[in-house]
There are 2 protein chains.
Amino acid sequence: MTSASDLASLAALLADETRAAMCLALLDGRAWTAGELAAHTRVAPSTATEHLHRLIDGGLLVERRQGRHRYVQLSGASVAQLIEDLAARVERRPTSPRGLRAVTANSALRRGRTCYDHLAGRLGVAVTDAMTRAGLLDQTGGFALTTAGLAWLTDTLGLSPEDVRTSKRPLARGCLDWTERQQHLAGLAGAKLCETFLGNGWVVRIGTSRAVKLTPNGKAALRDLLGLSDVK
Amino acid sequence: MTSASDLASLAALLADETRAAMCLALLDGRAWTAGELAAHTRVAPSTATEHLHRLIDGGLLVERRQGRHRYVQLSGASVAQLIEDLAARVERRPTSPRGLRAVTANSALRRGRTCYDHLAGRLGVAVTDAMTRAGLLDQTGGFALTTAGLAWLTDTLGLSPEDVRTSKRPLARGCLDWTERQQHLAGLAGAKLCETFLGNGWVVRIGTSRAVKLTPNGKAALRDLLGLSDVK
DNA sequence: GCAATCGTTCGGCAGCCGCCGAAAGGAAAC
DNA sequence: GTTTCCTTTCGGCGGCTGCCGAACGATTGC
């Protein structure tokens, strides 16, 4: 049988508050330096080093040495999804009603954010819903891109056919949004969509966090392309 | 932000080998008594009690007191999926090549098993593939039941329309098989399919484990219904 | 070459946590 | 009522682990 110790040691990687905070920070899909993570989690650099070792040994993170810096990031989309799944479970449970302070601190994240490499939050859900209403996405039972949706990505959004050629990674996948409790578009198509939105300046990152903001240009684009008028 | 401590405490529930073994055992979807789990994980009954408390408090398990017995089981399909996802990640990593002994001990489980409430293992993957070839299931990009597939469930397999009326639970969902590294059918349809197979005597449980065996009747049924001739 | 910065290694400390056995509570069997 | 069985509570032990500071190594900049 699947050795219980293997499962336990994987879970143990996330069972520490500092390591969990590191992984949540890395959910933005970017590479952080060891020092940045140490400061972010408020532990000594030496402590951060130990945690990063464990996370890398466990296969959750990959590293890239560059000069005197050590960059780490999530080792792949599947890891990001695992963490999101766990976080979704936590948020779904209506335990310990958060104080007002935490709620307002959350509001930017709730409005819009990136989830590893695709759009999430209210913005991500709104885009997904609009695509479904427009017949680009089929959510009955599963979560699949329609032929019209595929054409929309290439013809309207300007993606090249290679961009949306499905490889090992599924083209369209639902990702449960822990703030909205609804599915939003993930998978290869979700990543490319997010890439396009950022590249076109339709959304911009708020500071260095995962939170994103819709620009006036983005608002216009959503209205023209998807008939979305009242986002946010 | 999602509090890292919440994520950590959820992961901590599975970060202990004994608790992990309990959850893996409970993946069969059935209810176990506290004593059974204690014996299965080889710890003192008092130790098992503590673990069960934590798992129940954490919302992973639910309990049902019945006379002097205390039955526990996974609190729902979403918990089962979370555990399967974690287990899948463990198995995908080609670390520590298992010895021959463990491999043969695994063979029954690899051939066929239940995964919470649906079929998994080679059998589950074979059925899923056959359904896809027959046009009952659409795996391009997502994982959805076709209209033909829906009709097949009701007309050929004899399910009532209410059985496959999608509620909150998705009708068809892919579940990554950790032994076969392929998707198999989960979700409501997967559960009903498994129920039917067990009810018709097409598959039977091996002992009290999660492993299942295809009966001669089942073999014939698979050949007639799905054109599957060489299962196993 | 020297200084500054980033990361790592090493010891040591404190706290948590999983384990057990003994004793007690409760429900069923007789 | 008594016995038996399943489960729980409690105390205590041992080990693991996360934390830090100090010293060291490595890289960049001056």
Side-chain angles (χ1 to χ4, degrees), chain A residues 3-26 30-73 83 208, chain B residues 3-26 30-73 83 208:
Chain A
S3 143
S5 65
D6 288 346
L7 174 56
S9 47
L10 172 59
L13 293 177
L14 297 172
D16 173 75
E17 184 169 345
T18 301
R19 283 195 298 270
M22 287 176 167
C23 290
L24 287 176
L26 288 165
R30 292 178 295 180
W32 293 50
T33 69
E36 284 169 348
L37 284 173
H40 180 259
T41 56
R42 301 172 191 278
V43 293
S46 56
T47 305
T49 291
E50 296 175 13
H51 287 309
L52 292 180
H53 265 151
R54 295 190 58 172
L55 290 171
I56 289 171
D57 285 347
L60 297 189
L61 265 48
V62 291
E63 66 177 349
R64 197 179 72 234
R65 327 289 290 223
Q66 194 167 302
R68 60 182 165 185
H69 289 283
R70 176 205 210 179
Y71 288 96
V72 294
Q73 62 180 11
I83 296 167
T208 61
Chain B
S3 146
S5 65
D6 288 346
L7 174 56
S9 47
L10 172 59
L13 293 177
L14 297 171
D16 174 76
E17 184 169 344
T18 301
R19 282 194 298 270
M22 287 177 168
C23 289
L24 286 176
L26 288 165
R30 293 177 294 179
W32 292 51
T33 69
E36 285 170 347
L37 284 173
H40 181 258
T41 56
R42 302 174 191 278
V43 293
S46 56
T47 304
T49 292
E50 296 174 12
H51 287 308
L52 293 179
H53 265 151
R54 296 190 57 174
L55 290 171
I56 289 171
D57 285 348
L60 296 189
L61 266 48
V62 291
E63 66 176 351
R64 198 179 69 235
R65 327 289 290 223
Q66 194 168 302
R68 58 182 168 185
H69 291 282
R70 176 205 210 181
Y71 288 95
V72 295
Q73 66 183 81
I83 296 167
T208 61

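Everything numeric in this text was worked out from a predicted model, so none of it was measured. Residue numbers begin at 1 in each chain, while the letters A, B, ... track the order of the sequences.
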Could you tell me whether the phosphate oxygens of [N], OP1 or OP2, come under 4.0 Å of any side-chain nitrogen or oxygen in [X]?
| X | N | result |
| --- | --- | --- |
| B/Ser46 | C/dA22 | no |
| B/Arg65 | D/dT8 | yes |
| A/Arg19 | D/dG18 | yes |
| A/Arg70 | D/dA26 | no |
| A/His69 | D/dA26 | no |
| A/Thr49 | C/dG7 | no |
| B/Thr47 | C/dC19 | no |
| A/Arg54 | D/dG18 | yes |

Can you tell me how far [atom2] of [N] sits from [atom1] of [X], to the nearest Å?
| X | N | atom1 | atom2 | value |
| --- | --- | --- | --- | --- |
| A/Asp16 | D/dC20 | CG | P | 11 Å |
| B/His51 | D/dT9 | NE2 | P | 15 Å |
| A/Asp57 | D/dT17 | CG | C1' | 16 Å |
| A/Met22 | D/dG18 | CE | P | 11 Å |
| B/Glu63 | D/dC6 | CD | P | 18 Å |
| B/Leu52 | D/dT8 | CG | P | 7 Å |
| A/Leu14 | D/dG18 | CG | P | 12 Å |
| B/Leu55 | C/dG18 | CG | P | 10 Å |

Would a distance-only check, ignoring hydrogens and angles, find a side-chain to backbone donor-acceptor pair under 3.5 Å from [X] to [Y]?
| X | Y | result |
| --- | --- | --- |
| B/Thr47 | B/Val43 | no |
| B/Arg19 | B/Ala12 | yes |
| B/Glu36 | B/Thr33 | yes |

request  = List the steps and the verdict of side-chain contact (heavy atoms from CB on, under 4.5 Å) for A/Leu26 and A/Ile83.
outcome  = CA-CA 10 Å; A/Leu26 288 165; A/Ile83 296 167; over 6 Å; no
task = Identify, between B/Ala44 and A/Tyr71, the residue whose nearest nucleotide on DNA chain C lies closer to the 5' end.
result = A/Tyr71
task = Would you indicate which nucleotide in D/dT7, C/dG7, C/dG18 comes nearest to any side-chain atom of B/Ala34?
result = D/dT7
message = If you define the side chain from C-beta out and look only at heavy atoms, does anything of B/Ile56 sit under 4.5 Å from B/Val62?
response = no
remark   = Nearest-nucleotide check on DNA chain D, B/Glu50 vs B/Glu36; residue mapping nearer the 5' end is B/Glu36
